[in-house]
*Asks:* 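Pasting in a structure now, in structure tokens, and then I'll have a few things to ask.
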Amino acid sequence: MLKAVTAPPSTRVVRPDFPLRTERLLIRPLTLEDVDALHAYRSIPEVCRFVPFEPMDKDEIAARIGRQWASRELTDDGQVFILGVEVVESGIVVGDVMLAWSSREHATGEIGWIQHPEHSGHGYATEAARALLELGFDGIGLHRMMARLDERNEASTRLCQRLGMRQEARLVENEWFKGEWTNELDFAILDYEWRALDAG
């Protein structure tokens, strides 16, 4: 099997040329103009059921956009991009995605996503997540990217499988999450596995 031969990124600053463009989407930094669009789904309890935050009001969303969600570059591990997912044809923000640079030393990252349920079933989340994998592997130079899911989140499990990620772990009652013990599924893919899929 082909193995990666590149070393972990050392001093690279990641400053993507936003927006990232896919066939149907613009993946871009959020602005205060997106508050209403994000509130439309981040305020829904069912949407927030399996993610590590509670439903948000507009003030909290605006504050986060003004602070930790404002980043347009990554300079070191521990930093995160939170990016809006805009449908080109309509101009509507249908969700947002996360790319975390987990470790510079080990060249690892993590991705996540959340989407308005009215826009599910169109493949937008899968298309956006693919763009994040491309950014992580080709833009940052990561070796391994993962996604961590609540086991009950069947839609996200299927999304990981569509991306070609493999399930590497099932952690049983590893976290006290929103008032109950929950199981976590860990999915991952390596850089050369991603490029082999992309070439195919």
*Asks:* Rounded to the nearest 0.5 Å, what separation is found between the CG atom of L38 and the CD1 atom of I114?
*Replies:*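 The CG atom of L38 sits 8.5 Å away from the CD1 atom of I114.
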
*Asks:* Check whether I111 and I189 end up in the same hydrophobic cluster, where Ile, Leu, Val, Met, Phe, Trp and Tyr are linked by side-chain heavy atoms less than 4.5 Å apart.
*Replies:* yes

*Asks:* Report yes or no: do Q79 and T75 form a side-chain donor-acceptor pair below 3.5 Å?
*Replies:* yes

*Asks:* State plainly whether one hydrophobic cluster holds both V35 and V94, where clusters connect Ile, Leu, Val, Met, Phe, Trp and Tyr through side-chain heavy atoms under 4.5 angstrom apart.
*Replies:* no

*Asks:* Between W194 and F81, is there a shared hydrophobic cluster once you connect ILVMFWY residues whose side-chain heavy atoms come closer than 4.5 Å?
*Replies:*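 W194 and F81: one cluster.
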
*Asks:* Between H116 and A40, which heavy-atom pair has the shortest distance, and what is it?
*Replies:* NE2-O, 3.6 Å

*Asks:* Under a 4.0 Å N-O cut-off, is there an ion pair linking R130 with E134?
*Replies:* no

*Asks:* Go through R49 and R152 one step at a time and tell me if the side chain to side chain contact (heavy atoms under 4.5 Å, CB included) criterion holds.
*Replies:* CA-CA 10 Å; R49 181 181 179 198; R152 298 166 295 177; 3.9 Å; yes

*Asks:* Just verifying a value: how many Å separate M165 CE and L149 CG, rounded to the nearest 0.5 Å?
*Replies:* 8.5 Å

*Asks:* Let me confirm one number: the CG-CG distance from L142 to L190, rounded to the nearest 0.5 Å.
*Replies:*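 CG of L190 is found 11.5 Å from CG of L142.
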
*Asks:* Distance check, rounded to the nearest 0.5 Å: K58 atom NZ versus D36 atom CG?
*Replies:* 4.0 Å

*Asks:* In the structure I gave you, are the side-chain heavy atoms of H143 and Y192 within less than 4.5 Å of one another anywhere?
*Replies:* yes

*Asks:* Are V97 and I92 grouped together when hydrophobic residues (ILVMFWY) are joined by side-chain heavy atoms under 4.5 angstrom apart?
*Replies:*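 Yes; I92 is reachable from V97 via cluster members.
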
*Asks:* Report the distance from atom CE of M56 to atom SG of C48, rounding to the nearest 0.5 Å.
*Replies:* 7.0 Å

*Asks:* Taking D186 first and then R170, would you say they form a salt bridge - that is, a charged N and a carboxylate O separated by under 4.0 Å?
*Replies:* no

*Asks:* Below 4.5 Å, heavy atoms only, C-beta onward: do E184 and D150 meet side chain to side chain?
*Replies:*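 Answer no - side chains too far apart.
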
*Asks:* Count the heavy atoms of every other residue, nucleotide or ligand shown that sit under 6.0 Å from CD of E180, and state whether that count exceeds 12.
*Replies:* yes

*Asks:* What I'd like to find out is whether the side chain of V14 reaches to under 4.5 Å of the side chain of E73, using heavy atoms alone.
*Replies:* no

*Asks:* Angle between ring planes, W176 versus W181, binned at 30° and 60°: parallel, tilted or perpendicular?
*Replies:*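 Rings of W176 and W181: perpendicular, as their planes differ by over 60°.
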
*Asks:* Any chance you could lay out the side chain to side chain contact (heavy atoms under 4.5 Å, CB included) test for V85 and V93, step after step, and finish with the verdict?
*Replies:* CA-CA 5 Å; V85 178; V93 173; 5.7 Å; no

*Asks:* Do P117 and I44 have side chains that approach each other closer than 4.5 Å (heavy atoms only, starting at C-beta)?
*Replies:*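 SC-SC contact between P117 and I44 confirmed.
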
*Asks:* First locate atom OG of S156, then atom CH2 of W113, and finally report the distance between them rounded to the nearest 0.5 Å.
*Replies:* 5.5 Å

*Asks:* Between R195 and E193, is there a side-chain N and carboxylate O pair less than 4.0 Å apart?
*Replies:*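 Salt bridge between R195 and E193, a charged N being under 4.0 Å from a carboxylate O: no.
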
*Asks:* Quick check: closest heavy atoms across L99 and I140, and the distance to 0.1 Å?
*Replies:*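 Closest approach of L99 to I140: CD2-CD1, 3.7 Å.
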
*Asks:* For L197 versus L163, what's the shortest heavy-atom pair and its separation?
*Replies:*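 Shortest heavy-atom separation between L197 and L163 comes out as CD1-O, 3.7 Å.
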
*Asks:* Testing R42, Q115, R28 for side chain to side chain donor-acceptor pair (under 3.5 Å) with D96, which one passes?
*Replies:* R42

*Asks:* Do R24 and E127 have side chains that approach each other closer than 4.5 Å (heavy atoms only, starting at C-beta)?
*Replies:* yes

*Asks:* Would you indicate whether E151, at its atom CD, is surrounded by more than 12 heavy atoms from other residues, nucleotides or ligands within a distance under 6.0 Å?
*Replies:* yes

*Asks:* Go through it in stages, so that I can follow the logic: the residues are T126 and R162, the test is side-chain hydrogen bond (donor to acceptor under 3.5 Å, both in side chains), and I'd like the CA-CA distance, side-chain angles, deciding distance and then a yes or no.
*Replies:* CA-CA 7 Å; T126 303; R162 287 194 295 274; 3.0 Å; yes

*Asks:* Taking all atoms of both residues into account, what is the closest heavy-atom pair of M98 and L132, and its distance?
*Replies:* O-CD1, 3.3 Å

*Asks:* Does V51 belong to the same Ile/Leu/Val/Met/Phe/Trp/Tyr cluster as F177, with side-chain heavy atoms less than 4.5 Å apart forming each link?
*Replies:*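 Cluster IDs for V51 and F177 differ.
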
*Asks:* Side chains of Q167 and Q161: does their closest heavy-atom pair fall under 4.5 Å?
*Replies:*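 They are not in contact (no side-chain heavy atoms under 4.5 Å apart), so the answer is no.
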
*Asks:* Determine the minimum heavy-atom distance between S43 and P55, stating which atoms define it.
*Replies:*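 Taking every non-hydrogen atom into account, O-CB, 3.5 Å.
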
*Asks:* Counting distance only, does the side-chain N/O of N153 pair as donor-acceptor with the main-chain N or O of F50 below 3.5 Å?
*Replies:*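 Answer holds: no.
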
*Asks:* Any side-chain heavy atom of R21 within less than 4.5 Å of one from P19?
*Replies:*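 When only atoms from C-beta onward are counted, P19 and R21 do touch, with a gap below 4.5 Å.
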
*Asks:* Please assess D191 against R144 for the test salt bridge (Lys or Arg N to Asp or Glu O under 4.0 Å), listing each intermediate value before the final yes or no.
*Replies:* CA-CA 6 Å; D191 52 356; R144 181 177 185 273; over 6 Å; no

*Asks:* Taking all heavy atoms of P16 and all of R72, pick out the closest pair and write down the distance.
*Replies:* CD-O, 3.7 Å

*Asks:* Output, in order, the C-alpha distance, side-chain angles, deciding distance and verdict of side chain to side chain contact (heavy atoms under 4.5 Å, CB included) for W69 and T31.
*Replies:* CA-CA 9 Å; W69 295 354; T31 72; over 6 Å; no

*Asks:* Within a strict 4.5 Å, meaning less than it, do heavy atoms of the T157 and C160 side chains meet?
*Replies:*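 No. Closest side-chain heavy atoms not under 4.5 Å.
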
*Asks:* I would like to know whether K178 and E54 meet side chain to side chain contact (heavy atoms under 4.5 Å, CB included); could you show each step before the answer?
*Replies:* CA-CA 9 Å; K178 298 186 177 181; E54 298 294 339; 3.7 Å; yes

